[in-house]
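Chain letters run A, B, ... following the sequence lines, proteins first, then strands; residues in each count from 1. As the structure is a prediction and not an experimental result, all values here were calculated from the model.
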Amino acid sequence: MTATETPEAAPVPPTERLHAPVLAWFEQHARDLPWRRPEAGAWGVMVSEFMLQQTPVSRVLPVYEQWMARWPRPAALAAEAPGEAVRAWGRLGYPRRALRLHGAAVAITERHGGDVPSDHAQLLALPGIGEYTAAAVASFAYGRRHPVLDTNVRRVFARAVTGVQYPPNATTAAERRLARALLPDDEATAARWAAASMELGALVCTARGEDCGRCPIARACAWRLAGKPAHDGPPRRGQTYAGTDRQVRGKLLAVLREATAPVPQAALDAVWHDAVQRARALDGLVADGLVEPLDGGRYRLPSA
DNA sequence: TAAACGTGGCC
DNA sequence: TGGCCAAGTTT
């Protein structure tokens with residue numbers, strides 16, 4: 001309690017202190033991203049959500065534009081070989097997302113008449129769509145009221161409301177309750193809030209370094225008010241890396257993406273010295289449906 | 001629940 | 001230099 005607060009002021013629900021400032025800030029500072037424009041449609045929103053999973057906006061932008069120009073509707077992508085989706089995915093990473101997006105396009109074409117469903121449960125049933133993406137598409141594309149709990153929102157809530165620097169490694173029931181409690185009652189406002197709170201985490205309240213001077217809710221932020229205590233819980237989950245199968249898979253798939261004709265075994269053998277690991281990685285790619293083995297020890301991206 | 005799953009830029 | 005981080009999903 002500070003001297004600047006008027007004694008007669010009625011207790012303000014926490015949500016009231018967050019919604020208006022964040023929404024006003026978003027109005028002023030929201031990025032003009034292509035998937036936020038009306039012409040993107042639900043399919044554009046969905047494509048962007050697949051690409052943005054664990055991938056920065058800057059790297060998604062060019063691939064998104066090419067993708068939408070080539071496959072403006074789900075049916076267009078569904079008509080292609082899945083390997084074409086993997087090829088167009090380029091170096092975005094996690095290429096299984098491309099396969100799943102293709103699979104989702106096929107399912108949408110078969111089950112939903114070619115239109116991206118607006119129902120959360122129907123979205124969730126599509127390959128590659130989990131809790132977050134289903135809520136994001138329903139909210140951003142159709143204005144539905146869903147808690148959209150991505151890494152940005154979780155960090156904003158952890159700081160502003162819970163008063164800790166970082167959220168737990170895995171999304172908890174408490175976080176879901178909080179997100180639900182903070183969701184504005186009005187449907188259109190809820191959708192706006194979802195985008196706004198996410199944008200705040202992406203632009204101002206970031207993992208690397210928060211910029212409280214630009215934060216619309218700095219005065220109400222529990223973490224800042226507590227003196228920004230350092231993260232204390234279990235270590236934040238790191239990502240395994242170099243030397244793993246992932247790296248080998250990436251190198252193998254890069255060769256196949258560039259090739260226009262089936263690739264002989266020898267071309268793949270050249271990308272990694274360890275034959276055992278190389279074979280394991282290739283087997284994994286085949287098992288995942290990212291690579292199609294042909295007779296004569298040749299390989300290509302999946303044709304079906 | 002934890003681990004696997006790509007890639008590249010930043011500090 | 002290299003660990004951290006980026007609009008997660010699946011098994």
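Looking at heavy-atom distances under 4.0 Å, Arg31(A) makes contact with a base. As judged by a 4.0 angstrom heavy-atom cut-off over every strand, Thr55(A) is placed among the base-contacting residues. Here Trp35(A) lies in heavy-atom contact (under 4.0 Å) with a base. Using a 4.0 Å heavy-atom cutoff across all strands shown, Leu285(A) reaches no nucleic acid atom at all.
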What's the verdict on side chain to side chain contact (heavy atoms under 4.5 Å, CB included) for Trp193(A) and Val148(A), showing C-alpha distance, side-chain angles and the deciding distance? CA-CA 9 Å; Trp193(A) 163 253; Val148(A) 178; over 6 Å; no

Show, in sequence, the C-alpha distance, side-chain angles and deciding distance for Phe26(A) and Leu200(A), and conclude whether the side chain to side chain contact (heavy atoms under 4.5 Å, CB included) test is met. CA-CA 8 Å; Phe26(A) 186 59; Leu200(A) 186 61; over 6 Å; no

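A salt bridge is defined here as a Lys NZ or Arg NE, NH1 or NH2 lying under 4.0 Å from an Asp or Glu carboxylate O, and Asp211(A) with Arg214(A) meets this definition. Using a 4.0 Å cut-off between a side-chain N of Lys or Arg and a carboxylate O of Asp or Glu, Arg224(A) and Glu210(A) do not qualify as a salt bridge.
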Every protein N/O lying under 3.5 Å from an N/O of nucleotides 9-11 of chain B:
unit_1 : atom_1 : unit_2    : atom_2 : d
dG9(B) : N2     : Arg208(A) : NH2    : 2.8

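Of all the residues in residues 250-267 of chain A, Gly250(A), Arg257(A) reach under 4.0 Å from DNA chain B with at least one non-hydrogen atom. Remark: Pro127(A), Gly128(A), Ile129(A), Gly130(A), Glu131(A), Tyr132(A), Thr133(A) in residues 119-143 of chain A come within less than 4.0 Å of DNA chain C through at least one heavy atom.
Of all the heavy atoms in Ala281(A) and Val248(A), the pair that sits closest is CB-CG1, 3.7 Å.
dT10(C) and dT1(B) have their C1' atoms separated by 13 Å, with the value rounded to a whole Å. A distance of about 16 Å separates the C1' atoms of dT1(C) and dG8(B), rounded to the whole Å. Here, dG6(B) and dA6(C) have their C1' atoms 12 Å apart, quoted to the whole Å.
For the pair Gln54(A) and dG8(C), the criterion of a side-chain N or O lying under 4.0 Å from OP1 or OP2 is met. At least one side-chain nitrogen or oxygen of Arg236(A) sits closer than 4.0 Å to the OP1 or OP2 atom of dC5(C). Residue Arg280(A) places none of its side-chain N or O atoms closer than 4.0 Å to OP1 or OP2 of dA4(B).
Between Glu49(A) and Arg100(A), the one whose closest nucleotide on DNA chain C sits nearer the 5' end is Glu49(A). In terms of position on DNA chain B, the residue among Arg96(A) and Arg91(A) whose nearest nucleotide sits closer to the 5' end is Arg96(A).
With a 6.0 Å radius and a threshold of 12 heavy atoms from other residues, nucleotides or ligands, Arg73(A) has its CZ atom at or below the threshold. Within 6.0 Å of the CZ atom in Arg219(A), the count of heavy atoms belonging to other residues, nucleotides or ligands does not exceed 12. Within 6.0 Å of CD on Glu27(A) lie no more than 12 heavy atoms contributed by other residues, nucleotides or ligands. Other residues, nucleotides and ligands contribute only 12 or fewer heavy atoms inside 6.0 Å of the CD atom of Glu131(A).
As a whole-Å value, the separation of Trp193(A) CH2 from dA7(C) P is 17 Å. In this structure, the CG atom of Asp288(A) is 8 Å from the P atom of dC5(B), given to the nearest Å. As rounded to whole Å, 14 Å separates atom C1' of dA7(C) from atom OH of Tyr64(A). Atoms CG (Leu92(A)) and P (dG8(C)) sit 14 Å apart, rounded to a whole Å. A straight line from OH of Tyr94(A) to P of dA3(B) spans 14 Å, rounded to a whole angstrom. If you measure from atom CZ of Arg155(A) to atom P of dC4(C), you get 16 Å, rounded to the nearest angstrom. Per the geometry, CZ belonging to Arg176(A) stands 13 Å off C1' belonging to dG8(C), to the nearest Å. Here the P atom of nucleotide dC5(C) and the CG atom of Asn152(A) are 13 Å apart, to the nearest Å.
Taking only side-chain atoms of Pro95(A), from C-beta outward, the nucleotide of dG6(B), dA6(C), dA7(C) with the closest atom is dG6(B). Closest to the side chain of Arg246(A), from the set dG8(C), dC5(B), dA7(C), is dC5(B).
Taking the centre of each ring, Trp67(A) and Trp89(A) come in below the 6.0 Å mark.
Annotation: cation-pi pair Arg36(A)/Phe140(A) absent, no NZ/CZ under 6.0 Å from the ring centroid and within 45° of its normal.
Between the side chains of Gln165(A) and Trp223(A), no donor N or O sits under 3.5 Å from an acceptor N or O. Inspection of the Thr244(A) and Arg249(A) side chains reveals no N or O donor paired with an N or O acceptor under 3.5 Å.
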